[in-house]
Amino acid sequence: MNTPIIAFQEVDKVFASRGSNHLVALEHVNLSIVPEEFIAFIGPSGCGKTTLLRLAADLEQPTSGRITIKEKTPEQARLDRDYGYVFQDPVLYEWRTVEQNVQLPLEIMGVPKPKRETRAHHLLGLVGLSEFSHHYPWQLSGGMQQRVSIARALSFSPSILLMDEPFGALDEITREQMQLELLRIWRNLKTTVLFVTHSIPEAVFLSTRTVVMSPRPGRIHEIIEIDLPQPRTVETRECERFFELTTVVRESLRGTENGH
Amino acid sequence: MKKVNVTSLLSALIALAGLFLPWVATQSQVSGLAQVETASWAWIPLLALIVLGLIGSWSRAPVVAAIGLILGLSGALLALVAVKSALATGYTGSASLGFWFVFLGELLGAAGMVNCLTTLSGADRVTYVLREVVPPLVVPAFLLLLWQGIVEGLRVPIAFFPSVTDVVRVLFSAHAVLVDDSIHTFIRQMLFGYILGAAMGVLTGMMIALSPFLRRGFLPLATAVSSIPVIGLAPVLGRAFGVDWESKAAVASIVTFFPVVINMVQGLMTADPRKMDLLHSYAARRGQIFRKLRFPHALPYLFNALKITSIISLISVIVAEFLIPGPPEGLGQRISLSARSGRYDITFAAIAFASTLGILFYGFIALLERVFTAWHSSFRGAQRR
Ligand SMILES: Nc1ncnc2c1ncn2[C@@H]1O[C@H](COP(=O)(O)OP(=O)(O)OP(=O)(O)O)[C@@H](O)[C@H]1O
Ligand SMILES: [Mg+2]
């Protein structure tokens with residue numbers, strides 16, 4: 001249980017741009033995540049949160065340092081289909097209906113059609129889009145599209161969920177519903193979640209640990225243990241400790257701006 | 001509302017002046033319309049039409065514009081009939097000033113009315129039809145009338161330029177030959193070559209997109225070759241494939257092939273990188289990426305090439321028939337043979353067949369495009385209420 005499922009060791013990521021100015025997106029990232037953790041990442045725009053998820057998912061290669069996923073390379077983990085990735089944009093296929101979009105990973109993985117369909121049906125119910133199965137992406141609002149992309153990532157029950165601001169486009173009510181739903185899925189599937197957000201209460205409410213990041217160069221500023229009791233419920237948001245922890249995260253975030 | 005429609009007023013005045021000017025002339029005499037025995041009947045109706053036009057120019061209501069349009073076109077037609085029968089009574093010269101004033105005045109009035117209609121605002125059904133449906137239907141009629149009027153009025157000989165009615169007469173009397181020619185040109189040569197070229201183009205495009213070697217080596221060449229006017233090679237192809245239909249089919253397939261290859265490669269290579277990342281995160285295989293992402297993404301590009309080449313290949317086949325004359329069949333041959341013998345009525349009838357086929361075929365490809373890429377942004381407006 002204590003062997004990390006995801007480990008970043010001294011990871012640097014430098015983007016070489018035209019000319020000689022290189023952009024250091026991540027520097028000295030050390031992070032160990034054990035199975036069934038829910039890690040929230042928070043930090044100013046451009047501090048490398050997306051880059052960190054992409055490195056974990058083998059969509060980007062570290063400039064130096066080592067990343068280990070389930071004691072494998074990220075590439076092997078990707079080939080083993082360990083990742084469900086919810087991108088910052090919905091990235092739906094416009095020639096596929098909502099239902100077909102959700103089925104896409106299952107098609108790639110060779111799941112037979114009847115099973116794909118029941119799975120897609122179930123997941124669309126989960127994200128509240130059953131009536132829109134046969135719509136095309138452009139007929140949906142931004143928030144609805146993002147929910148489709150969440151259903152798609154969950155469709156094959158990946159062991160690691162990478163979510164990049166998945167609830168950014170949702171209204172407050174839907175957002176809170178989706179948070180509870182995500183926590184339920186997390187408990188049931190026993191997945192490990194890496195969750196990027198810009199919302200302090202969201203990070204505190206969802207995560208077991210919140211990683212606060214600082215920009216230029218992107219670094220891990222502080223890792224805050226969120227010791228709120230599990231399972232989290234609607235009441236969690238009203239308890240004393242919740243407010244204390246949001247204050248801790250807020251102050252840590254403020255610290256990223258005022259110098260080092 | 002209160003403003004006078006200047007174009008309409010002006011054109012009515014011009015037409016009115018035409019009624020009092022001579023319509024036909026010989027060396028010895030000059031006659032106004034009312035004096036020509038065979039056509040004097042037209043004077044009163046024309047006067048009535050013109051007076052109505054004068055009155056109408058004081059209003060800008062849509063209904064008035066629509067009626068004015070019909071009046072203008074009928075006036076021009078009536079003037080045309082009248083001058084034809086007048087000229088037929090032994091006058092050898094062309095029509096005189098009076099006819100031109102009435103004819104062009106009426107057409108100008110009609111054009112002004114069309115202009116009025118295109119600027120109508122309003123969302124109701126009648127306004128919509130008047131603004132969007134009527135003008136594209138009327139403008140061709142307008143141009144045909146103008147064409148007929150000029151040819152009749154100036155008494156242009158067929159061997160110089162045929163009139164509309166000459167062409168229509170040939171369309172009826174020689175339709176069997178023209179249909180045979182069309183089958184020869186369109187199906188045996190153009191369609192065969194087009195389908196062959198498109199199919200080879202799609203396959204080649206796929207191969208290039210999948211192979212970095214071909215992409216680096218062959219694609220620049222294909223791009224360069226596609227800018228060569230292939231039709232210039234027609235005589236060479238004629239030598240290679242013979243003067244019969246095969247050489248023309250070869251022309252059609254070559255002009256289709258290169259644009260299809262280039263667009264296909266472009267479509268296959270420009271899929272959204274984020275969508276690509278998504279498939280990578282599922283560890284999709286190359287073939288799956290191709291089927292699920294690259295190919296669907298390339299369809300709109302492919303259809304663009306297919307639409308353009310549908311027209312280009314038809315034109316090329318016709319020109320190839322000029323350049324590699326084989327047995328005397330096919331629309332291109334018909335055009336060049338009839339033109340050489342001064343039968344421009346046949347020439348124009350053959351051109352009419354060719355352009356109708358071109359438009360229909362283009363429409364068919366556009367329809368296929370709609371069916372296969374209905375999701376594409378260019379069609380969404382129509383679908384999202
Ligand atoms: N492909 C790339 N090439 C060059 N620079 C990049 C690339 N991807 C990201 N960067 C740079 O790396 C830095 C971190 O980007 P990243 O997208 O990870 O930020 P982020 O924390 O996700 O920001 P946000 O909260 O706005 O989404 C930015 O300065 C960005 O300009
Ligand atoms: Mg980001």
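In what follows, chains carry the letters A, B, and so on, assigned in the order in which the sequence lines appear, proteins first and then strands, with residues in each chain numbered from 1.
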So, Tyr282(B) side chain and Glu107(A) main chain: donor-acceptor pair closer than 3.5 Å or not?
-> no
Side chain to side chain contact (heavy atoms under 4.5 Å, CB included) evaluation trace for Leu278(B) with Leu104(A) | CA-CA 10 Å; Leu278(B) 190 74; Leu104(A) 177 66; 4.2 Å; yes
Looking at CZ of Arg274(B) and CG of Leu92(A), how far apart are the two atoms once the value is rounded to the nearest 0.5 Å?
-> 9.5 Å
Does His297(B) reach the side chain of Trp95(A), with side-chain heavy atoms less than 4.5 Å apart?
-> yes
Around Phe15(A), counting heavy atoms of other residues, nucleotides and ligands shown, do more than 12 lie under 6.0 Å from its CZ?
-> yes
Counting only heavy atoms not in Arg187(A), do more than 12 fall under 6.0 Å of its CZ?
-> yes
In Å, rounded to the nearest 0.5 Å, how long is the span from CD1 of Ile108(A) to OG of Ser281(B)?
-> 9.5 Å
Residues, nucleotides or ligands: over 12 heavy atoms within 6.0 Å of Lys72(A) NZ = yes
Please state whether the side chain, the backbone, both or neither of Leu162(A) comes within less than 4.5 Å of a heavy atom of chain B.
-> neither
For atom CD of Gln76(A), is the number of surrounding heavy atoms from other residues, nucleotides or ligands below 6.0 Å larger than 12?
-> yes
Contacts of residues 246-265 of chain B with chain A (heavy atom under 4.5 Å) = none
Considering heavy atoms only, which positions within residues 288-296 of chain B lie below 4.5 Å of chain A?
-> Gln288(B), Lys292(B), Leu293(B), Pro296(B)
Non-hydrogen atoms of chain B under 4.5 Å away: do they reach the side chain of Leu59(A), the backbone, both or neither?
-> side chain
When only pairs under 4.5 Å are counted, which of Glu75(A), Arg152(A), Met109(A), Arg96(A) shares the most heavy-atom pairs with chain B?
-> Arg152(A)
Which residues, numbered in order, of residues 81-88 of chain A come under 4.5 angstrom of chain B by heavy-atom distance?
-> Arg81(A), Tyr83(A), Tyr85(A), Phe87(A)
Please indicate whether His198(A) has more than 12 foreign heavy atoms, meaning atoms of other residues, nucleotides or ligands, lying under 6.0 Å from its NE2.
-> yes
Under a 4.5 Å heavy-atom criterion, the part of residues 182-214 of chain B in contact with chain A comprises none
